[in-house]
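For the single chain, residues carry numbers from 1 onward in sequence order. Numbering of ligands and ligand atoms starts at 1, following listing order. It should be emphasised that the depicted structure is a prediction, and the values quoted were computed from it without experimental measurement.
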Amino acid sequence: MSNPTTIAAEVAERVKLVIFDVDGVLTEAGIYVGSTPDGGSLELKRFDIQDGLGVKMLVWADLKVALVSGRQSEATSIRALELNVECYQVPDAKKLPVVEALIQKHGVSWEEVAMLADDIPDLSVFRKVGLKAAVSTATKPVLDIADWIASKPGGRGAAREFSDALLSARSQLDDIIELYVEERSRL
Ligand SMILES: [Mg+2]
C-alpha cells in the first residue's frame with residue numbers, strides 16, 4: 001500500500017480476523033510494578049476506554065478479534081475478559097504458533113488477517129498478515145513495513161483510530177455507530 005494513512009477498500013474488505021498486540025498497542029508500553037501488603041507482586045496497566053470501544057466495534061462488525069501478547073499478565077486477562085475477546089499470552093513472545101492455530105481455528109488465510117503492532121516481538125506474525133497496521137509509537141522495523149500507520153500512540157487512541165479506519169474503509173463505520181446509539185435509545 002502506498003499511502004500509510006489510508007486503508008484501501010479492497011484490503012479492508014477481505015479482513016476477517018484482527019489481532020491486537022497488547023503492550024505498546026493497547027497500552028503505552030509502560031507497566032506499574034509493585035507489591036501487595038502480603039508481599040505478593042502486583043502489575044497494573046492503563047487501558048484506554050475509547051480504544052476498548054474500538055475493539056468492541058470490530059466485534060459488532062462480525063470480525064473475529066484476538067489479543068496476542070508476548071507476556072503473561074493478569075491485567076491483560078482482566079481487560080480481555082471485560083472486552084469479551086479471545087486472549088493469548090505466550091511466554092517469550094512466541095506468537096507465530098499461536099496465531100497459526102488461531103487462523104486454522106477460524107478457517108481464514110493470512111491475507112484475511114489484520115494486525116496492529118508496535119515492536120519486534122510482533123514481527124514473526126506481522127510480516128505474514130494481509131493488513132499490517134502500526135501505532136505511531138511503533139519501532140522502526142515495524143513502521144518500515146506497515147501498510148497503515150496511526151497518527152496516535154499505543155494506549156492513547158491508536159486502536160480506536162485503527163478500528164475507525166478499518167470499519168470506514170469497509171463502509172461499516174456509520175452503521176455500527178447508528179446501531180449503537182439506537183440500541184441505547186430504547187427503554
Ligand atoms: Mg508490544
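- Between Arg186 and Glu182 there is a salt bridge, with a side-chain nitrogen of the basic residue lying less than 4.0 Å from a carboxylate oxygen of the acidic one.
- The Mg ion (ligand 1) is closest to atom O of Asp23 (considering only N, O or S atoms).
- By the 4.0 Å N-to-carboxylate-O rule, Arg156 lies too far from Asp48 to be salt-bridged with it.
- Per residue Asp118, closest N, O or S atom to the Mg ion (ligand 1): atom name OD1.
- Within Asp21, the N/O/S atom positioned nearest the Mg ion (ligand 1) carries the name OD2.
- With sequence neighbours left out, Val108 forms a side-chain contact (heavy atoms from CB on, under 4.5 Å) with Lys16, Leu17, Ile103, His106, Glu112, Val113.
- Phe126 pairs in a side chain to side chain contact (heavy atoms under 4.5 Å, CB included) with only one of the listed residues (Leu116, Val142, Val99), which is Val142.
- At a cut-off of 2.8 Å, Asp122 does not coordinate the Mg ion (ligand 1) through any N, O or S atom.
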